[in-house]
Amino acid sequence: NAGVTQTPKFRVLKTGQSMTLLCAQDMNHEYMYWYRQDPGMGLRLIHYSVGEGTTAKGEVPDGYNVSRLKKQNFLLGLESAAPSQTSVYFCATKGGGELFFGEGSRLTVL
Amino acid sequence: RKEVEQDPGPFNVPEGATVAFNCTYSNSASQSFFWYRQDCRKEPKLLMSVYSSGNEDGRFTAQLNRASQYISLLIRDSKLSDSATYLCVVNRGLTGGGNKLTFGTGTQLKVEL
């Protein structure tokens, strides 16, 4: 039982490159979230999904896109990476009022 | 003013000490409250929910003061393994439905021999 799995764990990009972060869950939760965590700031919500086929913007959605084609997967895309997107990205699901996080993906944009 | 504020610390305490953290929130419509623990370079994990009447889980006690809009976390008999960052999380409903979780920046605790 893996819970919430994020891939890749680490990635270095050049400005302007694109990439996709994958979040996979085996908890059968409806709600899924993408957060970013930066020094001196709390976790900030990028996008979220309340079920398969749905997505919605969080508080910092600019520069990111998401898709939830299957209930167990939530993808976060960066179409044209910028240095300001250097961060640690966490995926989470919600069940029973509790958030369950993946281990995080460390992204550096040069 | 930030919606959720925490003293970043670090709090350096000897093993066996009692330590307390506070977290203040600005929106009086906030409905539910949590403490999450985050170890260095790891993901956050739920430590405990905070109930209006206060609640205890072993060496950990959480309190809510709605009048003054703060929650607290008390750790008794600190262990080396308690060293981590403690995140305050506040949940409130949104006009039109849904809710919003806001994370504090965290308070760092270091327990020393």
Side-chain angles (χ1 to χ4, degrees), chain A residues 2-10 21 23-25 27 29-51 54-61 74 76 86-108, chain B residues 1-10 21-27 30-52 55 57 62 64 71 84-108:
Chain A
V4 181
T5 304
Q6 292 180 228
T7 52
K9 299 286 192 293
F10 302 92
L21 296 175
C23 178
Q25 56 121 344
M27 308 175 84
H29 290 162
E30 293 290 342
Y31 285 60
M32 296 188 74
Y33 307 83
W34 275 107
Y35 288 92
R36 61 178 289 173
Q37 187 173 38
D38 302 291
M41 308 188 78
L43 283 151
R44 292 181 293 167
L45 182 63
I46 304 171
H47 285 279
Y48 66 99
S49 168
V50 300
T54 76
T55 63
K57 293 180 180 179
E59 57 184 304
V60 288
F74 194 28
L76 177 70
T86 293
S87 187
V88 180
Y89 293 84
F90 286 101
C91 175
T93 69
K94 187 164 76 170
E98 178 178 350
L99 287 176
F100 297 87
F101 288 88
E103 294 182 331
S105 298
R106 296 184 175 274
L107 176 64
T108 301
Chain B
R1 182 184 175 187
K2 289 183 179 179
E3 191 164 344
V4 177
E5 295 201 68
Q6 296 183 252
D7 181 342
F21 313 133
N22 279 348
C23 165
T24 59
Y25 59 95
S26 62
N27 195 315
S30 299
Q31 299 166 327
S32 50
F33 310 87
F34 310 88
W35 285 103
Y36 277 72
R37 170 192 169 131
Q38 186 172 23
D39 293 308
C40 186
R41 301 178 75 84
K42 298 286 190 180
E43 73 274 22
K45 293 183 180 179
L46 179 66
L47 177 66
M48 58 198 304
S49 302
V50 186
Y51 302 121
S52 296
N55 48 298
D57 183 2
L64 167 63
I71 66 172
T85 297
Y86 291 84
L87 307 177
C88 170
V89 184
V90 175
N91 183 38
R92 64 176 171 90
L94 296 173
T95 304
N99 52 46
K100 179 184 178 185
L101 278 175
T102 302
F103 286 78
T105 54
T107 297
Q108 188 180 11

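Just so it is clear, the values below take in all heavy atoms, side chains as well, and ignore hydrogens, waters and symmetry mates. Residue numbers begin at 1 in each chain, while the letters A, B, ... track the order of the sequences.
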Between chain B and chain A, which N and O donor-acceptor pairs fall under 3.5 Å? A table would be great.
unit_1: B/Tyr36; atom_1: OH; unit_2: A/Leu99; atom_2: N; d: 2.9
unit_1: B/Gln38; atom_1: OE1; unit_2: A/Gln37; atom_2: NE2; d: 2.9
unit_1: B/Gln38; atom_1: NE2; unit_2: A/Gln37; atom_2: OE1; d: 2.9

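What you find for B/Pro44 and A/Phe90 is that their closest heavy atoms are CD-CE2, 4.1 Å.
Contact of B/Pro8 with chain A is not made at all, since no heavy-atom distance falls under 4.5 Å.
Taking the side chain as every heavy atom from C-beta outward, A/Leu43 and B/Leu87 approach each other to under 4.5 Å.
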